[in-house]
Amino acid sequence: MIKKVRIVGAGLIGTSVGLRLKAAGSSVEIIDINSNAMKLAADLVKSEVIAEPDLIIIAVPISANTQTVVEQLSNNSKSIVCDLASVKSDLLLKVKELSANSDNFISLHPMAGRETNGAQNARADLFEGRAWIGVSDSFSHAKNKEIAQNLVEICGGTLYWLNSKEHDDLVAKISHIPQILSSVIAGSLSSLSRENLNLAGQGLRDLTRLASADATLWSQILTENHAAIATQLDLIIDDLNHLKQSITSNNSAAMVDFFNKGNNGKSKIPGKHGAKNRDYSYLPIVIDDKPGELARIFNECAKVSVNIEDLNIEHSPGQETGLITLALSNSDCMKLSNHLENLGFKVHPAKNR
Ligand SMILES: NC(=O)C1=CN([C@@H]2O[C@H](COP(=O)(O)OP(=O)(O)OC[C@H]3O[C@@H](n4cnc5c(N)ncnc54)[C@H](O)[C@@H]3O)[C@@H](O)[C@H]2O)C=CC1
Ligand SMILES: O=C(O)C(=O)Cc1ccc(O)cc1
């Protein structure tokens with residue numbers, strides 16, 4: 001149990017962790033240099049002033065991370081200080097160099113986020129079922145490791161340990177390059193008209209989801225992890241040049257190899273992290289494209305006390321019907337499915353993912 005926590009940085013990540021810790025029974029203080037962000041987050045997490053926190057979590061932009069870690073370490077010699085930044089090698093070197101209390105430091109990285117930053121986008125379940133990377137060369141006491149494990153468990157994630165170099169090399173491949181490629185594809189569409197883009201399939205939406213990401217955060221990540229990213233970019237550019245060569249020389253065997261390599265990489269990406277996953281049933285309902293249809297469904301949910309955990313709407317311009325999929329607990333799903341069917345709604349068999 002982590003009893004008293006201070007969170008520095010009331011943005012997306014800090015407030016999300018704060019919401020989760022508060023729900024788990026911790027006392028939480030959340031602070032920020034921006035008074036509006038701080039007020040919103042403080043209301044959300046019911047912030048209170050804490051004199052001697054067990055744990056101080058730093059969730060500020062990368063550009064302010066090292067300095068904030070060092071300040072908190074020197075002002076709070078009895079607290080463990082933990083940062084959540086996306087890049088680590090330089091941070092560890094500097095903390096060891098600049099802080100006499102670096103033994104109290106532990107560095108973690110939640111591999112989860114959203115395309116939109118700020119406390120207004122925070123969610124208590126942001127880290128549910130997600131991987132966290134613990135930086136193994138950032139602690140020297142078992143207590144730090146224990147508190148990190150505890151924090152990740154409270155957030156519903158699973159903790160894996162890597163050293164800082166392994167961390168930065170790996171995240172260049174599994175997080176930074178995907179972000180760059182998503183942005184480059186979305187950027188290449190900017191000269192197209194809305195009419196043209198209306199014709200796009202789901203694949204383009206899937207590939208460009210990350211392109212809405214916060215530009216300041218990502219420019220800082222690229223700066224901080226420039227060496228590992230440059231190495232990976234060279235490999236990707238080589239692969240693309242090789243593919244271009246295969247296309248211009250009409251080498252179909254090489255093109256098949258290219259896609260087979262992609263199939264192979266994709267098949268290795270696990271869906272889950274062995275942690276608790278959102279265990280929902282997904283109920284598809286076909287609705288007519290007319291005003292009030294969604295409201296009718298929501299009203300029926302309220303009437304039978306069914307809680308909608310999440311929802312997805314598939315609909316494209318000119319289509320007379322839409323598909324709404326509700327994420328529900330298993331019992332709510334059965335109850336709602338029967339109820340809506342009796343009322344004549346077009347309910348389809350529920351799925352588990
Ligand atoms: N956004 C994401 O998807 C993920 C972000 N991270 C890491 O989490 C950290 C925070 O990112 P977000 O929450 O997305 O950013 P954010 O922009 O939502 O929030 C950052 C907050 O820190 C505040 N701040 C800036 N300097 C400060 C200082 N010196 N003292 C106190 N508060 C300060 C800002 O006013 C802002 O409210 C970054 O280090 C990032 O690398 C890690 C995993 C995912
Ligand atoms: O949205 C996603 O899929 C992400 O991968 C978000 C993300 C952004 C930055 C990180 O350092 C870690 C995770």
Side-chain angles (χ1 to χ4, degrees), residues 12-13 15-25 40-41 43-46 112-130 154-157 194 197-210 212 271-273 275-353:
L12 172 72
I13 300 296
T15 311
S16 297
V17 173
L19 286 168
R20 193 62 181 236
L21 282 164
K22 188 74 193 181
L40 174 59
D43 282 347
L44 284 167
V45 307
K46 299 186 193 277
R114 301 190 77 184
E115 293 80 67
T116 38
N117 66 346
Q120 64 278 14
N121 293 300
R123 300 176 59 131
D125 69 350
L126 188 65
F127 309 107
E128 188 71 54
R130 301 295 177 185
I154 289 171
C155 290
R194 225 162 239 289
L197 287 168
N198 268 341
L199 307 179
Q202 191 55 36
L204 187 67
R205 289 180 180 82
D206 292 346
L207 260 177
T208 54
R209 177 180 68 82
L210 296 173
S212 314
K272 295 179 183 178
H273 289 285
K276 267 193 301 172
N277 223 292
R278 295 186 181 100
D279 188 16
Y280 298 148
S281 292
Y282 294 86
L283 186 66
I285 307 161
V286 174
I287 55 171
D288 288 332
D289 180 23
K290 63 181 188 197
E293 282 298 278
L294 274 179
R296 279 209 312 138
I297 292 180
F298 296 155
N299 282 338
E300 294 308 327
C301 289
K303 272 188 207 160
V304 289
S305 300
V306 159
N307 193 27
I308 300 172
E309 306 288 352
D310 205 349
L311 66 84
N312 176 59
I313 302 172
E314 292 292 348
H315 178 258
S316 37
Q319 189 180 314
E320 287 182 5
T321 54
L323 179 65
I324 168 167
T325 304
L326 301 180
L328 307 160
S329 70
N330 295 337
S331 58
D332 273 2
C333 183
M334 274 175 44
K335 180 160 66 165
L336 185 67
S337 173
N338 293 335
H339 177 71
L340 291 181
E341 252 172 14
N342 290 339
L343 293 173
F345 280 90
K346 297 191 178 84
V347 182
H348 291 261
K351 297 193 177 106
N352 284 105
R353 46 186 306 251

Peer 1: Roughly how far, to the nearest 0.5 Å, is the CD atom of E300 from the CZ atom of F345?
Peer 2: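 That separation rounds to 5.5 Å.
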Peer 1: For E128, is there an ion pair with R20 - N to carboxylate O distance below 4.0 angstrom?
Peer 2: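 Salt bridge present between R20 and E128.
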Peer 1: How long is the gap from CG on L328 to CD1 on I308, to the nearest 0.5 Å?
Peer 2: 7.0 Å
Peer 1: Just how far is it from atom CG of L283 to atom SG of C333, taken to the nearest 0.5 Å?
Peer 2: 4.5 Å
Peer 1: What heavy-atom pair brings I13 and A112 nearest, and what distance separates the two atoms?
Peer 2: CD1-O, 3.9 Å
Peer 1: Drop me the distance from I324's CD1 to H315's NE2, to the nearest 0.5 angstrom.
Peer 2: 12.5 Å
Peer 1: Do T325 side-chain atoms and P284 backbone N/O form a donor-acceptor pair below 3.5 Å?
Peer 2: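 Pair absent, no side-chain N/O of T325 close to backbone of P284.
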Peer 1: Any non-hydrogen side-chain atom of D289 less than 4.5 Å from a side-chain atom of Q319?
Peer 2: no
Peer 1: Do L336 and L340 have side-chain heavy atoms sitting under 4.5 Å apart?
Peer 2: yes
Peer 1: To the nearest 0.5 Å, tell me how far R123 CZ sits from L44 CG.
Peer 2: 13.0 Å
Peer 1: Could you report the tightest heavy-atom contact between A24 and I154, atom names first, then the distance?
Peer 2: CB-CG2, 3.6 Å
Peer 1: Can you tell me if R205 uses its side chain to pair, donor with acceptor, with the backbone of A200 under 3.5 Å?
Peer 2: yes
Peer 1: Quick one: does D332's side chain have a donor or acceptor within less than 3.5 Å of a partner on N307's backbone?
Peer 2: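 Answer holds: yes.
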Peer 1: Between S281 and N330, is the side chain to side chain donor-acceptor pair (under 3.5 Å) condition met? List the steps.
Peer 2: CA-CA 5 Å; S281 292; N330 295 337; 2.5 Å; yes
Peer 1: Report the residue from V304, V306, V347 that forms a side chain to side chain contact (heavy atoms under 4.5 Å, CB included) with H339.
Peer 2: V304
Peer 1: Tell me whether E320 at atom CD has more than 12 heavy atoms from other residues, nucleotides or ligands lying less than 6.0 Å away.
Peer 2: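 For E320, atom CD is not crowded (no more than 12 foreign heavy atoms under 6.0 Å).
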Peer 1: Taking all heavy atoms of C301 and all of L326, pick out the closest pair and write down the distance.
Peer 2: SG-CD1, 4.3 Å
Peer 1: Rounded to the nearest 0.5 Å, what separates atom CG in D43 from atom OG1 in T15?
Peer 2: 11.0 Å
Peer 1: Which heavy atom of R114 sits nearest a heavy atom of L12, and at what distance?
Peer 2: N-CD2, 3.6 Å
Peer 1: Which atoms form the tightest heavy-atom contact between K22 and K46, and what is the distance?
Peer 2: NZ-O, 3.5 Å
Peer 1: So which heavy atom on I297 is nearest to which on I287, and how close?
Peer 2: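 Minimum heavy-atom contact is CD1-CG2, 3.5 Å.
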